[in-house]
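Only heavy atoms go into these numbers, but all of them, side chains included; no hydrogens, no water, no symmetry mates.
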Amino acid sequence: MNSSDESKPVTFLGSKAVFKGLLDFKNTLCIDGEFEGKLTTGGKLIVAEGGVVIADIDAGTVICKGRIRGNIIASQKVEIHSTGKILGDVLSPALMIELGAVFNGKSYMPEYQRNDK
């Protein structure tokens with residue numbers, strides 16, 4: 001984390017929390033509980049190892065260490081760590097998948113497609 005990241009507020013959805021609905025947030029949200037609905041942000045979404053998200057996501061950055069079921073649009077990047085599982089399509093200019101991660105969907109990288117023409 002650089003110093004500009006450290007100054008931004010982080011919101012947590014704790015391990016025993018369950019949230020259903022539409023959530024639009026700024027900066028960073030870390031989910032260690034369960035979320036179902038739709039997530040929108042220009043910031044960062046972190047799904048912790050214990051987190052379960054059933055939602056379509058529109059974010060700047062998505063970091064998955066838990067489970068996500070739904071389609072993801074990320075303007076900056078998507079990271080799937082070794083404990084992460086994504087079931088759904090990903091549209092992002094950058095995608096990182098660690099060994100052991102599960103990704104079952106399609107990946108679209110529009111920035112690269114435009115440069116190849």
Side-chain angles (χ1 to χ4, degrees):
M1 246 188 201
N2 64 38
S3 59
S4 65
D5 288 339
E6 292 172 5
S7 64
K8 293 182 181 178
V10 178
T11 303
F12 291 93
L13 183 66
S15 62
K16 304 242 187 231
V18 177
F19 186 96
K20 292 185 180 186
L22 175 64
L23 184 56
D24 188 356
F25 64 95
K26 294 182 180 179
N27 299 322
T28 300
L29 171 66
C30 181
I31 297 177
D32 198 20
E34 296 180 25
F35 179 89
E36 184 175 347
K38 180 166 176 57
L39 288 163
T40 305
T41 185
K44 183 185 298 184
L45 171 67
I46 301 168
V47 180
E49 285 188 35
V52 177
V53 173
I54 301 170
D56 286 332
I57 299 167
D58 190 342
T61 297
V62 176
I63 298 173
C64 180
K65 297 179 181 182
R67 293 182 287 158
I68 298 174
R69 186 173 64 186
N71 297 324
I72 299 170
I73 297 172
S75 61
Q76 296 175 4
K77 66 179 175 177
V78 174
E79 297 178 7
I80 311 172
H81 291 256
S82 62
T83 56
K85 182 176 188 177
I86 293 180
L87 305 175
D89 296 342
V90 172
L91 172 66
S92 179
L95 174 62
M96 185 218 51
I97 304 173
E98 284 186 351
L99 184 64
V102 174
F103 173 52
N104 191 359
K106 295 177 184 173
S107 171
Y108 303 94
M109 301 179 85
E111 293 297 318
Y112 297 114
Q113 291 173 357
R114 278 188 239 133
N115 291 336
D116 289 342
K117 290 183 178 181

Point to revise | Interatomic spacing from CZ in R69 to CD in E36 - rounded to 0.5 Å | key: 7.5 Å
Revision key, fill the gap. Sorted by chain and number, sequence neighbours left out, side chain to side chain contact (heavy atoms under 4.5 Å, CB included) with L91 holds for I73, Y108, P110
Review point. Do the side chains of L13 and I46 join up, straight or via other hydrophobic residues, at under 4.5 Å, putting them in one cluster?
Key: no
Review point. Would you say V90 and I97 are hydrophobically clustered, going by side-chain heavy atoms of ILVMFWY under 4.5 Å?
Key: yes
Point to revise | For F35 against A55, the heavy-atom pair lying closest together | key: CE2-CB, 3.8 Å
Check your understanding: Taking atom NZ of K26 and atom OG1 of T11, what is their separation to the nearest 0.5 Å?
Key -> 12.0 Å
**Study point:** Least distance between heavy atoms, A94 atom then S92 atom
**Key:** O-OG, 3.0 Å
Review point. Which salt bridge (charged side-chain N to carboxylate O under 4.0 Å, His left out) pairs, counting each pair once, include a residue from residues 73-95, with sequence neighbours left out?
Key: K77-E79
Exercise for review: Could you tell me whether a side-chain N or O of T40 sits under 3.5 Å from a main-chain N or O of D24, the two making a donor and an acceptor?
Suggested key: no
Exercise for review: Mind checking side chain to side chain donor-acceptor pair (under 3.5 Å) for Q76 and listing every partner two or more places apart, or none if nothing turns up?
Suggested key: T61
Review point. Considering residues, nucleotides and ligands other than K38, do more than 12 of their heavy atoms fall under 6.0 Å from its NZ?
Key: yes
Study note, to complete from the structure: Sequence neighbours excluded, the answer for side chain to side chain donor-acceptor pair (under 3.5 Å) partners of E49 is none
Review point. In terms of hydrophobic clusters joined by side-chain contacts under 4.5 Å, are F19 and V53 together?
Key: yes
Exercise for review: State which residues pass side chain to side chain contact (heavy atoms under 4.5 Å, CB included) with F25; sequence neighbours excluded, sorted by chain then number.
Suggested key: L23, L29, L39, T41, L45
Review point. F103 and I63: same hydrophobic cluster, using ILVMFWY side-chain contacts below 4.5 Å?
Key: no
**Study point:** Note, V47 side chain near R67 side chain (heavy atom, < 4.5 Å)
**Key:** no
Review point. When Ile, Leu, Val, Met, Phe, Trp and Tyr are grouped by side-chain heavy atoms lying under 4.5 Å apart, directly or through other members, which residues fall in the same group as M96?
Key: none
Check your understanding: Looking at A101 and H81, what are the two nearest heavy atoms and their distance?
Key -> CB-O, 3.2 Å
Practice item. Look at the side chain of D56 and the backbone N and O of N71, then say whether any donor-acceptor pair between them is shorter than 3.5 Å. Key: yes
Practice item. Can you see which heavy atom on P93 is nearest to which on S75, and at what distance? Key: CG-O, 3.4 Å
